[in-house]
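Everything below concerns the one structure shown next.
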Amino acid sequence: MKDSPQLPLGCETAIVPVMVPLPTPQAYSYAVPEGLEAAPGAIVQVPLGPRQVAGIVWDGETDAVDPKKLRPITHVFDCPPIAADMRRFLDWVAAYTLSPPGLVARMALRAPAAFEPAAPTQGLRLGRARPERMTAARERVIAMAEDGLSWTRTGLARAAGVSVSVVDGLLKQDVFETILIPPQPVVPHPDPDFRLPELSDDQQAAVRRLLGEGGKPPAVSLIDGVTGSGKTEVYFEAVAETIRQGRQVLILLPEIALTSVFLERFERRFGCKPAEWHSELAPRMREKVWRQAATGDVRVVAGARSSLFLPFENLGLVIVDEEHDAAYKQEDRVFYNARDMAVVRAHIGGFPAILASATPSIESRVNADSGKYADIRLPERFGGAALPDLHLIDMRRDPPARGGFLSPKLLEAMKKTVAEGEQALLFLNRRGYAPLTLCRVCGHRFQCPDCSSWLVEHRFRRQLQCHHCGHNEPAPEACPECGTLDHLVACGPGVERIAEEVDSHFPDARTIVLSSDMAGGVRRLRLELEAIAKGEVDIVIGTQLVAKGHNFPMMTLVGIVDSDLGLANGDPRAAERTFQLLSQVTGRAGRSGRKSIGLLQTYQPAHPVIQAIVSGDRDAFYEREIAERENARLPPFGRMAALIVSAADRVAAESYARSLRQAAPGARDISVLGPAEAPMALIRGRYRFRLLVHGTKQSDIQAYVAQMIAAAPGPRGSVRVQIDIDPQSFM
DNA sequence: AGCACGCCGACT
DNA sequence: GTCGGCGTGCTC
């Protein structure tokens, strides 16, 4: 083994580097006891201070360590090794994000119970013997098992409609022989030829380009196509091709817990659902998927951003659906953008990456324009579906009734839609009843004690909630400041308040509010979405979660309650976001070929973003946004990093941010802005200041930031510094 | 990231 | 007199 010091044979043990889940800059060194095999990539258990942790045997030289500190590896797990390309990927992510490699490696070890093979389960098969005393329950069990197949104890009992003790009784009398059933695959293997799709000419051309027209497929492709143009069907053909080659596929989705529609589409094409990977997965399932990604038993995983760190044995394709989505950006511990890291993962593994979106990020659009990515466009909606007609409602000319938020024009359109038995969707990206509550007598505003944000009233739960830290308190009746009763007013609308207004206008309509805090969680949400698709609801009022990939065939009206909401701050990215979100939401309508309309309520109808959406002149919007980015040298024409300094004490945070700024080395191509109070100046009781590092496309921004951190005094007390390479916000 | 060690306030 | 707060430092 090249990583152990080459010493004379015989007496000494090998020493290997092990990446432990700590924020240290290097792998630690451990001795390999006689008889253990610890090649690079092996998952091992090692002593670390007072505890035992799992780590990955790393590559390269071990660093010099006091022999007295050296401790032996406790155990080598019976697990396929973390592949070399995965280890290089983890190294790369650590270097790029300026995160300790141990913390990045930790993300690949998120299923500790899966490091050992699952124990085979006990299976029962009917033997020759019969019980001495036969009962009705026993008869049912035996009849059920007469097929000669193997059953599990509980499975058989359930199938026969008896309790497990009946089966146990028979087991004791040797009516069954026990066999060991090896762990079953979490999902069957998808069949690439299960149901070949009928593709339009456009789609077929797109598939040919994606697969490389007989040659090598492009390293990165951007599929840019309007909602309903069939992007998914197109990239499914690349999935099929990769499966045929015997390699694994990863499909990244934003908020996967909510996109059951996607899973069903996959099943229709491949005969079974893909394995899922996301935070709400049951622990047992999580272990299985992790393990079977490592053994190669799972062929296709559809997952949230963290699935990028699954230990695939033989990954051959990665797809990022809705690649523009902000949910791909992780902003805790290790800050990374899963879309960008997916491209890197593919590059290191030597396989293709596919990005797909109806409203690509400016970054991807620029890469496709420049030829860096294959630019694959699907301009038409598939199967006769038409994009909705979009119209603006100028709220200055058609104001809502006093105390309301829906203009007469929108209400009129809703009335017509409901009367014709079709569905209407009202979109407002704000949870709860009202974003601010104040006292009419003394002006007191209800604020979060730990964050710089107002408390949002949730009338249904009779609570005031902070949407940043989860703080909540019962909705008060009296003002805590002046004690006055019944003079608290709700300011501004949330979805609950819109629902109230809708109810007053349409008392007989079946309405539903969909937001991420809905009682009943993901399960309930999936049920409600199905109910909507079946036409059991007339009016849907939802936050951005309704924008994502659901298919509502009866939806012929989409009303945007507040089109200007995302444009409030001047961040260049806000315009892009609003464009993407509103395009996505209005795309929910008209997917079945019915004539449909989208109505956008706005107070600034002339705003370029609003204009771009209604006019349908997408290209002009992108052209303008790209030109603006280029002028300002913003990404992707320049590079940025944000340093977030936080501390329990405001003064400590600010003064440390200043000292960081002072430690910034001089550079011709890089400038440092700030410190300024972060957009959310106080979160969970910690005050935050932000520095922005802005460089050119060629700047080594990581090296510069690393120099800054090294030159600054070490943070004391509660002060923390977080590094965000490629931040979402440019301000 | 954990976890132990270590030094200053309110209680059985 | 002790229990316990979290600041500081270490883990091959």
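Each chain gets a letter, A, B and so on, in the order the sequences are listed, and its residues count up from 1. Since this is a predicted model, take the numbers as computed values, not measurements.
- Rounded to whole Å, atom C1' of dA1(B) lies 7 Å from atom CG of Leu103(A).
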(request) Report the C-alpha distance between Arg339(A) and Glu363(A) in whole Å, list the side-chain angles of each, state the deciding distance to 0.1 Å, and finish with yes or no for side chain to side chain contact (heavy atoms under 4.5 Å, CB included). (result) CA-CA 11 Å; Arg339(A) 181 235 301 150; Glu363(A) 283 81 352; 4.1 Å; yes
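- Nucleotide dC12(C) holds its C1' atom 10 Å from the CD1 atom of Ile15(A), rounded to whole Å.
- The ring-ring contact (aromatic ring centres under 6.0 Å, His included) test applied to Trp454(A) returns no partner, not counting sequence neighbours.
- Identified under the salt bridge (Lys or Arg N to Asp or Glu O under 4.0 Å) test for residues 72-96 of chain A, with sequence neighbours left out: Asp59(A)-Arg87(A), Asp59(A)-Arg88(A), Asp85(A)-Arg345(A), Arg88(A)-Asp91(A).
- For the ring-ring contact (aromatic ring centres under 6.0 Å, His included) test, residues two or more places apart in sequence or in another chain that qualify with His458(A) are His467(A).
- Judged as a ring-ring contact (aromatic ring centres under 6.0 Å, His included), the pairs with a partner in residues 315-343 of chain A (not counting sequence neighbours) are, in order, Phe309(A)-Tyr336(A).
- Here dT11(C) presents its C1' atom at 13 Å from CD of Gln52(A), a figure rounded to the nearest Å.
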Between N or O atoms, less than 3.5 Å apart, protein on one side and nucleotides 2-6 of chain B on the other: list the pairs.
none

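- With sequence neighbours excluded, the residues that form a side-chain hydrogen bond (donor to acceptor under 3.5 Å, both in side chains) with Arg247(A) are Asn314(A).
- Within 4.0 Å (heavy atoms only), Leu70(A) reaches sugar-phosphate atoms of the nucleic acid but no base atom.
- Among residues at least two apart or in separate chains, there is no ring-ring contact (aromatic ring centres under 6.0 Å, His included) pair with a member in residues 686-727 of chain A.
- Looking at heavy-atom distances under 4.0 Å, Pro100(A) makes no contact with the nucleic acid at all.
- One atom, CG of Asp63(A), and another, P of dT11(C), lie 13 Å apart when rounded to the nearest Å.
- Sorted by first and then second residue, the ring-ring contact (aromatic ring centres under 6.0 Å, His included) pairs with a member in residues 63-84 of chain A read His75(A)-Phe77(A), Phe77(A)-Phe115(A); sequence neighbours excluded.
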For nucleotides 7-10 of chain C, which of its nitrogen or oxygen atoms have a protein nitrogen or oxygen under 3.5 Å away, and what is each distance?
residue	atom	partner	partner atom	Å
dT8(C)	OP2	Gly717(A)	N	3.1

